[in-house]
Amino acid sequence: MQAGIAHIKKELTGIYPEREVESLVFLVLQHIKSYTRTQLLLSDDELLSPGERRQIADITARLKKYEPIQYILGETEFFGLMFFCRPGVLIPRPETEELVNWILEETPNSGINILDIGTGSGCIPVSIKRNLSRSRVFACDISETCLQLARENAALNQVEISYFRMDMLQSPPPEDLPCFDLLVSNPPYVRISEKAKMERNVLDYEPGTALFVPGHDPLLFYRSILSFSGKQLKRKGKIYWEINEALGQECSRLLRDTGYQNIEIRKDIHGKDRMISARKP
């Protein structure tokens with residue numbers, strides 16, 4: 001085991017921060033051996049097979065090219081659940097876990113209708129349904145690739161989600177779509193001008209359509225959601241969004257100008273304005 005750990009550290013040191021290298025070591029070995037962290041710590045003297053050493057070398061080579069570990073392993077953890085990951089679909093983020101947690105703090109486990117707009121991997125609706133089992137949860141996306149993966153993740157976590165395809169910027173909602181008590185969305189919100197601050201593993205591998213918006217109109221998805229909510233969100237219904245840390249006040253103003261009340265911005269674990277909620281009058 002020590003030889004595998006040494007190889008990963010030697011190849012990745014200087015490419016990733018030290019703490020991230022330690023995390024990658026654990027993720028790679030956990031994937032290959034199906035061991036817990038405790039089991040790995042107790043297996044220092046265990047010898048790796050030639051096949052396992054080849055796996056480690058292959059994964060490490062891909063990591064050196066900044067390929068995300070989630071795509072390499074084909075899975076990631078989100079809100080205590082496992083999710084399949086696949087190129088072409090945005091990787092679930094810890095910040096989005098905080099958004100889900102906020103929703104669960106404020107939402108009773110009753111028979112309400114919930115819609116996730118731009119679902120991606122399905123991490124938001126699946127996590128909500130696992131915790132609000134009596135709710136009816138729906139989710140949509142423009143991408144069939146995303147919808148297929150989201151359906152697989154619902155099956156993996158043994159929950160029933162009603163998925164459908166919709167282009168929030170172009171398509172009218174399906175005629176048989178119910179009205180909702182809660183709308184949640186983590187839409188594209190990164191301005192093109194912010195690309196320079198982003199890591200290569202994001203820029204080179206994750207889908208830009210799920211990340212970027214035009215710099216001259218960074219709120220276009222939020223405006224479309226509000227237009228949609230005019231008919232599809234019930235009176236007193238709630239909206240929850242993940243937002244660009246630099247655009248909290250702009251999102252708040254948009255909601256206020258549309259008549260929404262009880263607007264609240266919350267910071268993420270890093271102290272950045274990352275989430276907003278509001279209630280329809």
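Panel note: side chain R274, backbone I243; a donor-acceptor pair is recorded below 3.5 Å.
Taking the salt bridge (charged side-chain N to carboxylate O under 4.0 Å, His left out) definition, one finds that R266 meets it with E105, E106, E264, sequence neighbours left out. E95 meets the salt bridge (charged side-chain N to carboxylate O under 4.0 Å, His left out) test with no other residue; sequence neighbours excluded. By the side chain to side chain contact (heavy atoms under 4.5 Å, CB included) test, D45 pairs with no residue at all, sequence neighbours left out. For the ring-ring contact (aromatic ring centres under 6.0 Å, His included) test, no residue two or more places apart in sequence or in another chain qualifies with Y189. Partners of S193 according to the side chain to side chain contact (heavy atoms under 4.5 Å, CB included) rule, which considers only residues two or more places apart in sequence or in another chain, are R191. Contacts of T36 classified as side chain to side chain contact (heavy atoms under 4.5 Å, CB included), with partners at least two apart in sequence or in another chain: T38, Q39. Here E52 pairs with K33 under the salt bridge (charged side-chain N to carboxylate O under 4.0 Å, His left out) rule; sequence neighbours left out. Judged as a side chain to side chain contact (heavy atoms under 4.5 Å, CB included), and not counting sequence neighbours, the contacts of A139 are D116, T119, P125, I161, Y163.
Counting only residues at least two apart or on different chains, the side-chain hydrogen bond (donor to acceptor under 3.5 Å, both in side chains) pairs with a member in residues 4-19 are K9-E22, E11-K64. Residues in residues 202-224 take part in these ring pair (Phe, Tyr, Trp, His ring centres under 6.0 Å) pairs, two or more places apart or across chains: Y222-W241.
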Validation: residues 172-183 side-chain donor-acceptor distances under 3.5 Å, sequence neighbours left out:
| residue | atom | partner | partner atom | Å |
| --- | --- | --- | --- | --- |
| D181 | OD1 | K234 | NZ | 3.3 |
| D181 | OD2 | N113 | N | 2.8 |
| D181 | OD2 | K234 | NZ | 3.4 |

Distance-only check: which donor-acceptor pairs under 3.5 Å involve side-chain atoms of residues 72-79, not counting sequence neighbours?
none

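Here the rule is salt bridge (Lys or Arg N to Asp or Glu O under 4.0 Å) with K272, and of E245, E242, E98 only E245 fits it.
Side chain to side chain, S229 and Y260 meet the donor-acceptor criterion of an N or O pair below 3.5 Å.
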Exercise for the section: Before giving the answer on side chain to side chain contact (heavy atoms under 4.5 Å, CB included), spell out for S121 and L90 the whole-Å C-alpha distance, their side-chain angles and the decisive distance to 0.1 Å. Expected result: CA-CA 7 Å; S121 66; L90 196 68; over 6 Å; no

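Using a cut-off of 4.0 Å between Lys/Arg side-chain N and Asp/Glu carboxylate O, E206 and R93 are scored as salt-bridged.
In this structure the side chain of I124 reaches within 4.5 angstrom of the side chain of N186, judged on heavy atoms.
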